[in-house]
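Naming: A, B, ... by sequence-line order, numbering from 1 per chain.
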Number of protein chains: 2
Amino acid sequence: MASEAEFLKGYDPGAYPAVAVTVDVVALTIRDGELCVLLVERAEHPFAGRRALPGGFVRGEGLDDAALRELQEETALGKVHLEQLRTYGDPGRDPRMRVFSVAYLAFAPGLPEPRAGSDAAGAAWVPVEQATGLAFDHDTILADGLDRARSKLEYTPLATAFVGDEFTIGELRQVYASVWGEELHAGNFHRKVLSVPGFVESTGATTARGGERGGPRAKLYRAGDAQLLHPALLRPAREDGVR
Amino acid sequence: MASEAEFLKGYDPGAYPAVAVTVDVVALTIRDGELCVLLVERAEHPFAGRRALPGGFVRGEGLDDAALRELQEETALGKVHLEQLRTYGDPGRDPRMRVFSVAYLAFAPGLPEPRAGSDAAGAAWVPVEQATGLAFDHDTILADGLDRARSKLEYTPLATAFVGDEFTIGELRQVYASVWGEELHAGNFHRKVLSVPGFVESTGATTARGGERGGPRAKLYRAGDAQLLHPALLRPAREDGVR
DNA sequence: CAAATAGTGTCTCTCAGACAGTATTGT
DNA sequence: ACAATACTGTCTGAGAGACACTATTTG
């Protein structure tokens, strides 16, 4: 048997059919109480002119680094949570060649206006209900990303990734309401968030002034050190059984 | 601007650096009350002689199909649950070239003896605590798969994928105990499983005889139609806070 | 008979959700 | 004044877990 060194020397990477690996990012933020996703308009074939998730081919970097790079090409953002979603590899999902797309999910606070990237005619935050008819299989990827985001809010403190470093319980509630698409009872939500150990911690400060239409000044909180919420904040109003 | 057809005609897939995509499968089953993973011994470089997760290069098929094919090359199994885990793509994780591995998680009931596959010197079910020192980054992949499996038992009915079509509540409890690595209170578990709508449904029959060391005949159940458990069967004894 | 297991009853504590109520701010 | 919002109090019902208990079967 040949040694490993000899084996590697005789190995010919070109002997295999060409495949490519891309990353695509489902980047979510909340603008004006609406859950929005970052979309680009494709400048080149295939799907020129169609809206798509930001993404591109992976270079000599790791997957996480590639996702971060693609995201920063479209929008300048500071704090961002990034996690792998899943990989899409159906033959024929890209007309050029066999392309595997590793999809990522990103949560960002606030509203940095996006900038046009290299391979995109334009980039924009689009309310998720209006984000349809995307290029490739990006409709499916977006739907999977939204599922993941909605479910992760239940048992992880990731809602804090959608707000600034200091936030009020009301702002946090608005995150849940926007992502889940339903209003939450303010009083019960308040008590529940504070009852979960490590979810939020008080800064001692309050907002400078009350709400725009009245109300007392709210206390400010930071994200705590919990990695999982216990007890979880379960989504209401789901059907039992099959769901 | 060129039409999409002209663009595709002039497109040269070989202009990109060669990358490869593989699937690797974390296949779990329960043998003698122990959680076991399917491992092969690699016959070829790299990592010849080392144990590894079953897997191989993706051909012209979809990712799910590739995972199923690789699994069937190693062991003849009937009913099996298969789901994508995540993708590993660090540069340097394979010494031959840039290889992206799409990892899958499989749950299978019972104990089909594995058979040697094409690129493996042998295949065997190995208790997960003894599955260390694997080739590539398979230790990491296995650990991620176990995390996922342990967590999925909580809120999905996937425990039924580890048992036959008909099973007793005691067998189901043994699945949870094996995967979580801790004993569960028999009485409370029993009542809880039956209280979750759609988790199991009665067949009306009972086992032919009691346990080996005594006890009444147990009622037999099938998997129900629930996709999610509500309420969930939460794992006991986890630390609060950071966890 | 003794041991093991299936399944049930009951109690306590926690938590979710409904609802009401008070305090504090902006227009 | 009035509306809006931040919080807190209280009640009810569901569920988790501890424990005890009965019934059934094997050796």
Side-chain angles (χ1 to χ4, degrees), chain A residues 33 153-155 163 166-177 180 182-197 199-200 202-221 228-238 240-241, chain B residues 33 153-155 163 166-177 180 182-200 202-221 226 228-238 240-241:
Chain A
L153 285 204
E154 291 190 335
Y155 55 92
V163 294
E166 297 197 349
F167 52 86
T168 67
I169 303 294
E171 288 169 352
L172 200 60
R173 175 166 47 84
Q174 185 57 51
V175 170
Y176 277 88
W180 285 349
E182 53 191 319
E183 290 308 308
L184 295 163
H185 186 288
N188 289 339
F189 181 87
H190 195 103
R191 187 173 351 92
K192 199 160 166 175
V193 166
L194 295 186
S195 80
V196 178
F199 191 6
V200 299
S202 176
T203 67
T206 66
T207 52
R209 41 163 295 154
E212 297 179 5
R213 299 187 292 282
R217 302 176 183 177
K219 292 178 188 161
L220 286 170
Y221 297 85
L228 288 171
L229 302 185
H230 188 70
L233 277 85
L234 295 179
R235 219 176 329 175
R238 289 188 293 181
D240 284 350
Chain B
L153 285 205
E154 292 190 335
Y155 55 93
V163 294
E166 297 197 349
F167 51 87
T168 67
I169 303 294
E171 288 169 351
L172 200 60
R173 176 166 46 83
Q174 185 57 53
V175 170
Y176 277 89
W180 286 347
E182 54 191 319
E183 290 307 309
L184 296 163
H185 186 286
N188 288 339
F189 181 87
H190 194 102
R191 187 174 349 94
K192 197 160 170 176
V193 166
L194 295 185
S195 80
V196 178
F199 190 6
V200 299
S202 176
T203 66
T206 66
T207 53
R209 40 163 297 153
E212 295 179 6
R213 299 186 294 282
R217 302 176 184 180
K219 292 178 185 161
L220 286 169
Y221 296 85
L228 288 172
L229 303 185
H230 188 71
L233 277 84
L234 295 180
R235 218 176 329 176
R238 289 189 293 181
D240 284 351

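B/Leu184 has its CG atom 14 Å from the C1' atom of D/dA18, to the nearest Å. Computed from coordinates, the A/Phe189 CZ to D/dT8 C1' distance equals 16 Å when rounded to whole Å. The distance between atom CG of A/Leu229 and atom P of C/dC15, rounded to the nearest whole Å, is 13 Å. Regarding A/Ile169, its CD1 atom lies at a distance of 14 Å from the C1' atom of D/dT5, rounded to whole Å. Separating the NZ atom of B/Lys219 from the C1' atom of C/dT5 is a distance of 14 Å, rounded to the nearest angstrom. Rounded to whole Å, the distance from CG on A/Leu194 to P on C/dC15 is 14 Å. Atoms CG (A/Leu234) and C1' (D/dA14) sit 13 Å apart, rounded to a whole Å. As a whole-Å value, the separation of A/Tyr155 OH from C/dC15 P is 20 Å.
Considering only residues two or more places apart in sequence or on other chains, A/Glu171 meets the side-chain hydrogen bond (donor to acceptor under 3.5 Å, both in side chains) condition with none of them. Under the rule for a ring-ring contact (aromatic ring centres under 6.0 Å, His included), the partners of A/Tyr176 that lie at least two apart in sequence or sit in another chain are A/Trp180, A/Phe189. Residues satisfying the side chain to side chain contact (heavy atoms under 4.5 Å, CB included) criterion with B/Ala186, sequence neighbours excluded, are B/Arg173.
Contact annotation: A/Lys192 does not reach the phosphate of C/dC15 (side-chain N/O to OP1 or OP2, under 4.0 Å). When the side-chain nitrogen and oxygen atoms of B/His190 are compared with OP1 and OP2 of C/dA6, none of them lie within a distance under 4.0 Å.
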Going by atom type alone, with no hydrogens or angles, which donor-acceptor pairs under 3.5 Å involve a side-chain atom of residues 206-220 of chain A and a protein atom two or more places apart or on another chain?
| from | atom 1 | to | atom 2 | distance (Å) |
| --- | --- | --- | --- | --- |
| A/Thr207 | OG1 | A/Arg209 | O | 3.1 |
| A/Thr207 | OG1 | A/Ala218 | N | 3.1 |
| A/Arg217 | NE | A/Ala208 | O | 3.3 |

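Atom OH of B/Tyr221 sits about 11.0 Å away from atom CG of B/Leu172, to the nearest 0.5 Å.
The shortest distance between side-chain heavy atoms of A/Leu233 and A/Val193 falls below 4.5 Å.
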Legend entry - Sequence-aligned protein contact record of nucleotides 19-27 of chain C, with B where the base is within under 4.0 Å of a protein heavy atom and S where only the sugar-phosphate is: B----BBSS

